[in-house]
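Note that the structure is predicted; figures quoted are calculated from it, not measured.
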Amino acid sequence: MKFFALLAFALLTFTLLPSCTEEIEIRLRDGDVRLVVFGGIGIDTMVHTVVLSRTTSYFEDSKEPLYVEGATVTITEFNENMQLTGRVFQLLENPDSIGHYQTTPDVFGIQGFTYRLDILLSEAIGGYSRYSAYAFFPFIADQIDSLHAIHARDMLLAGLLGFDPFDTVGGRQTGWNLLLFAEDPPDRVSYYAFITSLNGVALNDTLTRFLLLDNTMIDRDTINAAFPIAFFRDVQFGGRDTINNGDTLGLEIRSISADFYRWIFEFRSIYSGQNPMFGGAPANVRGNVRNMGRGLDAIGYFWAHGSRRAYVVVGENN
C-alpha cells in the first residue's frame, strides 16, 4: 500500500509540474504622468534656463527625456518684504533645444529677494497645466579671500578628503590640494555647493558629484585658516583630475537654500540606491513646484543661488 501511495503521489506531482510552464500575463499599471522641472536663477547677469520634461513609463522604449514644448514660462521678482518689484522675466523656448526655456542675457538675481516661477502648459500633463514655485535667493559673502594650490607629499589633507594616498603599485602619490580662504556671512546658517574646474572645464558640476556643505559643519575660523576643497594628482599618476604646473584651477561657490540643500541630498540618496533592509520604500524626490489645481505636483526643483569664483595657476606663488 505504501508503494502504491508513493507511486500515486509521484505521478500526481509529475502531472502537475508541466502546468508551471504555462505563460501568465501580468498587467502592470504605469504611474501617473508627471511634469519634471529643473532650473533657476543666479546672481550673474546671463541667460538663465528652466528645463521642462515629463516622466516616462518604465517600459517605454525611449531612454531620452521627453521634453515639453510650447509652454508659457515666467519668473516674477519679490523684494525682502514679499512685495512685487516690477521685474517679470519671460522665458522663451530655445528653438534649438526643445523644452529649454531661457531668459534674455541681461537677467540677474538679487540676494534676499524671492522669485516665483509660473508655468502654463500648452497641453495638460496628467490632466493639469498650471504650476508654480517659489525660491528664496540666499546670501553669500562678497568675495573669496584667496585660493591656493599647495603641493603635498605626505598626503595628509588628501587622506582627510577621502582620497587613497597610495597608487596602484604601492607608491606614495603626490599632488595638489586646493585650499579655500573665505569668510562666511555671520549670524546665519548657510548652505554651499563647491564646483571645481581645470583650465576652464568644470569637473564636478552634476548633482551627484559636487561637494556639498553647510556652515554648521565648519566654523569661520576654520575657513579663514584654509579649508581643503579638492585634491588633484600629479600627472604621472593619471586619471581625470590630474594637473601640471601652469594649469589653472578654478572654484565656484554657490550659496543655496536649506530646502534645495535637502533636496539634493534626497536626490543623491535615491540615485545611489538605499539599503534594502533599512531604507524606505522607493519614491520620487519631493520638490517645490506645485500644481495649481488639485492634481499631483511636479517633480524637480526651481532654485535661486548666489555664486563667487576664484582661480589659481598651479605652481605660481602657491
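Aromatic pair Phe137/His305: ring centres not closer than 6.0 Å. Residues Tyr115 and Tyr134 place their aromatic rings such that the two centres sit no closer than 6.0 Å.
Taking a cutoff of 4.0 Å between a charged side-chain nitrogen and a carboxylate oxygen, Asp44 and Arg309 qualify as a salt bridge.
At a threshold of 4.5 Å between non-hydrogen side-chain atoms, the residues Phe194 and Asn204 do not count as touching. The shortest distance between side-chain heavy atoms of Thr248 and Leu198 does not fall below 4.5 Å. Under the 4.5 Å side-chain criterion, counting only non-hydrogen atoms from C-beta, Leu251 is not in contact with Ile195. The shortest side-chain heavy-atom distance between Leu117 and Val37 falls under the 4.5 Å cut-off. Trp176 has its side chain out of reach of Asp247: every pair of non-hydrogen atoms, C-beta onward, lies at least 4.5 Å apart. Side-chain atoms of Thr208 and Thr206, non-hydrogen and from C-beta on, do get closer than 4.5 Å to each other.
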When you look at Phe108 and Met46, which way does the side-chain contact (heavy atoms from CB on, under 4.5 Å) test go after all the steps?
CA-CA 7 Å; Phe108 59 90; Met46 59 180 289; over 6 Å; no

For the pair Val107 and Thr45, evaluate side-chain contact (heavy atoms from CB on, under 4.5 Å) and give the outcome as yes or no after the intermediate values.
CA-CA 5 Å; Val107 173; Thr45 303; over 6 Å; no

Can you list the steps and then say if Leu147 with Ile229 is a side-chain contact (heavy atoms from CB on, under 4.5 Å)?
CA-CA 10 Å; Leu147 194 64; Ile229 295 296; 5.6 Å; no

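Tyr67 meets the ring-ring contact (aromatic ring centres under 6.0 Å, His included) test with His100; sequence neighbours excluded.
In Glu123, the CD atom is not crowded: 12 or fewer heavy atoms of neighbouring residues, nucleotides or ligands sit closer than 6.0 Å. Within a 6.0 Å radius of CZ in Arg116, other residues, nucleotides and ligands contribute more than 12 heavy atoms.
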